[in-house]
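Everything on this sheet refers to the single structure shown next.
Both backbone and side-chain heavy atoms feed into the values below; hydrogens, waters and symmetry mates do not.
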Amino acid sequence: MSNSLQGKKVAVLAADGVEKVELETPRAHLVESGADVRLLSIKSGDIQARNHDLEPAGTIRVDQEVSDASVDDYDALVLPGGTVNPDKLRLDDAAVAFVRDFVNSGKPVAAICHGPWTLVEAGVVSGRTLTSYPSIRTDVRNAGGNVVEEEVVVDGNLITSRSPDDLPAFCSRLIEQLEQAPTGS
C-alpha cells in the first residue's frame, strides 16, 4: 500500500445504473494509494449498481449530493460508466455544472466507458482527444471531440478509457496524474 495520494481528496460522481466495477475498482486503487474518496450523486441515500448494465449488483452508499459539493473541495473527479448512470447525470443541472466546472478548473477528470457522455453534456470535449465506449463515439465527435481507439488517453486534465477491460491502465494513469497534481489545486 502506497501513500502517494495522502492528502488528496477525490470525488466519484455516479447515479443509479452505474457499472459497479467501474466505480469500485478506481475507488479501491485510489484508497490503496492514500486518497480520501467520496461518492457524489444526484440524490442522497444509496444508488443502484449494475453488472454489464443489466444485472443488479447491489447498492452503494452516497456520501454527498452533488448539488451540495464544491469543486474546490476535491483534487480529482472520476466518472464511471454504465449506460443508465451518465444518462441520468446529464439530465441533472447540478451534476452537469459540477463536471463542467471541474474540467475547467484544470484538475484531473477521469471518465471510463460511457462516462464521457457527461463530458459531452457539459460541453467540454470540443477540441480534445479522448476515447470512450464505441456506442457513444458519434456523440463525442458531434460535440467536437477527436476520438481515438486506445486503452487510455490523456489530453491535458482529461483521462479517458473505453471499457472495464481498460481498468488497469485507467487506474494507473489516474493515480499517476493525481500524484503530479498539487493538493488543493
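- Taking every heavy atom of both residues into account, Leu158 and Val124 meet most closely at CD1-O, 4.3 Å.
- In terms of heavy-atom proximity, Ala95 sits nearest to Leu89 at CB-O, 3.6 Å.
- Residue Gln177 holds its CD atom at 10.0 Å from CD of Glu179, rounded to the nearest 0.5 Å.
- Without hydrogens or angle criteria, Arg50 side chain to Val18 main chain gives no donor-acceptor distance under 3.5 Å.
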Report the C-alpha distance between Leu119 and Val103 in whole Å, list the side-chain angles of each, state the deciding distance to 0.1 Å, and finish with yes or no for side-chain contact (heavy atoms from CB on, under 4.5 Å). CA-CA 9 Å; Leu119 298 173; Val103 172; 3.9 Å; yes

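- Considering all non-hydrogen atoms of both residues, Leu40 and Ala11 come closest at CD1-CB, 3.7 Å.
- Sorted by first and then second residue, the ring-ring contact (aromatic ring centres under 6.0 Å, His included) pairs with a member in residues 75-98 read Phe98-Phe102; sequence neighbours excluded.
- Under the 4.5 Å side-chain heavy-atom criterion for Ile, Leu, Val, Met, Phe, Trp and Tyr, Leu178 and Val152 are members of the same hydrophobic cluster.
- The backbone N or O of Asp68 lies less than 3.5 Å from a partner atom in the side chain of Gln64, making a donor-acceptor pair.
- When every heavy atom of Pro116 is checked against every heavy atom of Ser132, the shortest pair comes out as CG-CB, 3.9 Å.
- Taken to the nearest 0.5 Å, the SG atom of Cys171 stands 9.5 Å off from the CD atom of Glu32.
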Can you check salt bridge (Lys or Arg N to Asp or Glu O under 4.0 Å) on Lys9 and Asp75, steps first, answer last? CA-CA 5 Å; Lys9 193 170 179 182; Asp75 299 295; over 6 Å; no

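- In this structure, a donor-acceptor pair under 3.5 Å is absent between the side chains of Trp117 and Asp87.
- Atom CG of residue Asn3 and atom NZ of residue Lys8 lie 13.5 Å apart, to the nearest 0.5 angstrom.
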Does the pair Glu150 and Thr131 meet the rule for a side chain to side chain donor-acceptor pair (under 3.5 Å), with working shown? CA-CA 7 Å; Glu150 296 177 23; Thr131 194; over 6 Å; no

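- Considering all non-hydrogen atoms of both residues, Ala14 and Leu39 come closest at CB-CD1, 4.0 Å.
- In this structure, Glu65 CD and Asp92 CG are separated by 9.0 Å, a value rounded to the nearest 0.5 Å.
- A distance of 10.0 Å separates CG in Asn157 from CG in Leu77, rounded to the nearest 0.5 Å.
- Under the 4.5 Å side-chain heavy-atom criterion for ILVMFWY residues, a single connected hydrophobic cluster contains both Val31 and Leu5.
- Looking at Lys107, its side chain does come within 3.5 Å of a backbone N or O of Tyr74 through a donor-acceptor pair.
- Atom CG of Asp93 sits about 9.0 Å away from atom CZ of Arg100, to the nearest 0.5 Å.
- Within the structure, side-chain hydrogen bond (donor to acceptor under 3.5 Å, both in side chains) contacts touching residues 14-26 (residues at least two apart or in different chains) are Asp16-Lys43.
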Could you walk me through whether Val12 and Leu23 pass side-chain contact (heavy atoms from CB on, under 4.5 Å), step by step? CA-CA 7 Å; Val12 177; Leu23 186 154; 4.0 Å; yes

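- Neither Val99 nor Val84 shares a network with the other; the hydrophobic side chains, linked directly or stepwise wherever heavy atoms of I, L, V, M, F, W or Y lie under 4.5 Å apart, form separate groups for each.
- Within the structure, the salt bridge (Lys or Arg N to Asp or Glu O under 4.0 Å) test picks out the following pairs touching residues 115-134 (sequence neighbours left out): Arg128-Asp155.
- Counting all heavy atoms, side chain and backbone alike, Ser41 lies closest to Ile47 at OG-CG2, 3.4 Å.
- If you chain together hydrophobic residues whose side chains sit under 4.5 Å apart, Ile60 and Leu167 fall into the same group.
- Applying the side chain to side chain contact (heavy atoms under 4.5 Å, CB included) rule to Asp73 yields the partners Ser70; only residues at least two apart in sequence or on another chain are considered.
- The side-chain hydrogen bond (donor to acceptor under 3.5 Å, both in side chains) analysis of residues 159-174, with sequence neighbours excluded, yields the pairs Glu149-Arg162, Arg162-Asp166.
- Taking Ile, Leu, Val, Met, Phe, Trp and Tyr as hydrophobic and joining them when side-chain heavy atoms fall under 4.5 Å apart, one finds Val153 in a cluster with Val148.
- Leu13 and Val96 fall into different hydrophobic clusters, defined by Ile, Leu, Val, Met, Phe, Trp and Tyr side-chain heavy atoms under 4.5 Å apart, directly or through other members.
- The backbone N or O of Gly115 sits nowhere less than 3.5 Å from a side-chain atom of Asn85 that would complete a donor-acceptor pair.
- Counting only N and O atoms by type, the side chains of Gln48 and Thr59 include no donor and acceptor under 3.5 Å apart.
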Given side-chain contact (heavy atoms from CB on, under 4.5 Å), test Val109 with Val78 step by step and report yes or no. CA-CA 6 Å; Val109 176; Val78 177; over 6 Å; no

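- Remark: Arg38 engages Asp36 in a salt bridge, criterion side-chain N to carboxylate O under 4.0 Å.
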